[in-house]
Amino acid sequence: MTTDFLALGGAVLLGVAFWIGWCWRAGGGVAKVIVKTGSTALLAAFAYFAGGPWLLVAALVLSSAGDAFLALDGERWLKPGMAAFFLGHVAYIVLFWGLSVTGGNWLVPVAQTVLALAGVTYARWLSPSLGEMRVPVFAYTGIILGMGVLALRLDPQYLLVTLGAMMFVASDMILALQLFTRPAREAPKLVPSLLVWGLYFFGQAFIAWGVVHPFAA
C-alpha cells in the first residue's frame with residue numbers, strides 16, 4: 001500500500017474514532033485534541049504524498065490547526081480557530097479559481113445566488129446572538145460563502161469537490177447554532193454534533209480526494 005493511501009486510511013480511522021467517541025461530548029483532554037487534529041493532518045499528508053497542489057495541502061494544514069484550537073477547552077480558542085479556518089478557505093478559493101470550469105450552464109448562477117442569499121440571511125438571523133463575535137462571524141461567513149460559490153462552478157469532473165464544499169458549508173451552519181444559540185452551560189446535543197463532524201470531516205475528505213483524483217473528463 002502506498003504512503004498516500006496509508007495516510008488516507010489513517011485519516012478516516014481517526015475521523016471515525018472522533019465521530020464516535022468525542023464529537024458529541026464536552027471536554028476530552030489531550031486524546032480528543034490529538035485524534036481530532038490528527039484526522040485532518042493526515043488528510044493533508046494524503047494530499048501531499050498523492051502529489052496534490054500545494055494550496056490543497058495548505059488548506060488542510062490550516063484546517064487541522066483550526067481543529068486543534070476548537071478542540072481545546074475555553075472560548076478564548078474560538079477566534080484563533082476561526083482565523084485558521086478563514087485562511088484555509090482563502091487557500092481553497094485560490095485553488096478552486098484555478099481548476100477547470102465549463103461555462104454556459106444556467107443552473108450554476110442560480111445555485112450560486114441561492115447559496116449566497118441563504119448564507120447572508122442565516123448570518124443576519126444569527127446576528128442578535130453573536131455579541132462581540134458579530135464581526136468575526138460575518139467575515140468568516142463571507143469567506144466560506146465565497147469558497148462555496150466557487151466550488152459550485154467547477155466542472156463535473158470535480159463533483160466530489162463541489163459536494164465536499166457544500167458539506168463543509170452545511171457543517172458550519174449547524175456549528176454556528178451550537179456555538180451561539182445553545183445556553184452557556186448546556187452540553188452539546190448529540191445529533192447536531194454528529195452532523196457537524198460527519199459533514200465537515202467527510203466533506204474535507206471529498207475535497208481532498210476529488211482534487212487529487214478527479215473523474216475522467
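Atom set for the values below is all heavy atoms of this structure, side chains included, hydrogens, waters and symmetry mates excluded. One-based numbering along the sequence shown.
- Shown here for A176 and L126, the closest heavy-atom pair between the two residues is CB-CD1, 3.5 Å.
- Linking Ile, Leu, Val, Met, Phe, Trp and Tyr residues whenever their side-chain heavy atoms come within less than 4.5 Å leaves V135 and L87 in two separate clusters.
- Closest non-hydrogen pair, P53 versus L95, comes out as CG-CD1, 3.6 Å.
- Listed by first and then second residue, the ring-ring contact (aromatic ring centres under 6.0 Å, His included) pairs involving residues 132-165 are H89-Y140 (not counting sequence neighbours).
- Hydrophobic clustering, with ILVMFWY side chains joined whenever heavy atoms are under 4.5 angstrom apart, keeps L117 apart from V120.
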Under 3.5 Å, side-chain donor or acceptor atoms of residues 192-205 against the rest of the protein: list the pairs with distances, not counting sequence neighbours.
unit_1, atom_1, unit_2, atom_2, d
S193, OG, Q178, NE2, 3.0
S193, OG, K189, O, 2.7
W197, NE1, G15, O, 2.9
Y200, OH, D67, OD1, 3.2
Y200, OH, D67, OD2, 2.9
Y200, OH, Q204, NE2, 3.4
Q204, OE1, Y92, OH, 2.6
Q204, NE2, S63, OG, 2.9

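- Not one N or O on the side chain of S171 forms a donor-acceptor pair closer than 3.5 Å with the backbone of M167.
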message: Could you go through L70 and L78, starting from their C-alpha distance and side-chain angles, then the distance that decides it, and tell me whether this counts as side-chain contact (heavy atoms from CB on, under 4.5 Å)?
response: CA-CA 6 Å; L70 295 184; L78 179 57; 3.8 Å; yes
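- A11 and S39 make their closest contact through CB-O, 3.3 Å (heavy atoms, listed as atom of the first residue, atom of the second, distance).
- For the pair I207 and L160, the minimum side-chain heavy-atom distance is 4.5 Å or more.
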- request: Please test D155 against L99 for side-chain contact (heavy atoms from CB on, under 4.5 Å), starting from the C-alpha separation and ending with a verdict.
  value: CA-CA 8 Å; D155 278 350; L99 296 179; over 6 Å; no
- request: Would you please test R25 and K32 for side-chain contact (heavy atoms from CB on, under 4.5 Å) and show each step?
  value: CA-CA 10 Å; R25 294 190 299 175; K32 176 182 179 180; over 6 Å; no
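- When side chains are defined from C-beta on, V90 counts as touching I143, because their heavy atoms get closer than 4.5 Å.
- M166 places a side-chain heavy atom less than 4.5 Å from the side chain of L152.
- Between V35 and A17, the shortest heavy-atom contact is CG1-CB, 4.3 Å.
- V61 forms part of a hydrophobic cluster together with Y48, F49, V57, judged by ILVMFWY side-chain heavy-atom separations under 4.5 Å.
- Here the CG-CG distance, from D172 to L177, works out to 11.5 Å after rounding to the nearest 0.5 Å.
- A distance of 9.5 Å separates OG of S129 from CZ of R134, quoted to the nearest 0.5 Å.
- L60 and F5 fall within the same hydrophobic cluster, defined by Ile, Leu, Val, Met, Phe, Trp and Tyr side-chain heavy atoms under 4.5 Å apart, directly or through other members.
- Note on V33 and L13: separate hydrophobic clusters, where clusters join Ile, Leu, Val, Met, Phe, Trp and Tyr whose side-chain heavy atoms are under 4.5 Å apart, directly or indirectly.
- Taking CD1 of I93 as the reference point, atom CD1 of I144 lies at 9.5 Å (rounded to 0.5 Å).
- Counting heavy atoms from C-beta on, the side chains of F69 and F85 never come closer than 4.5 Å.
- Distance check: L56 CG to F46 CZ gives 8.5 Å after rounding to the nearest 0.5 Å.
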side-chain contact (heavy atoms from CB on, under 4.5 Å) between K36 and W22, intermediate numbers included: CA-CA 9 Å; K36 184 179 186 182; W22 280 281; over 6 Å; no
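- Both L154 and L159 sit in one connected hydrophobic cluster of ILVMFWY residues. Membership requires side-chain heavy atoms under 4.5 Å apart, directly or through other members.
- Looking at every heavy atom in both residues, V212 comes nearest to A50 through CG1-CB, 3.5 Å.
- Checking L8, T2, L6 one by one against D4, the side chain to side chain contact (heavy atoms under 4.5 Å, CB included) holds for a single residue, T2.
- In terms of heavy atoms, P136 sits closest to M82 at O-CE, 3.5 Å.
- Between the CG atom in L130 and the OG1 atom in T181 there is a gap of 10.0 Å [rounded to 0.5 Å].
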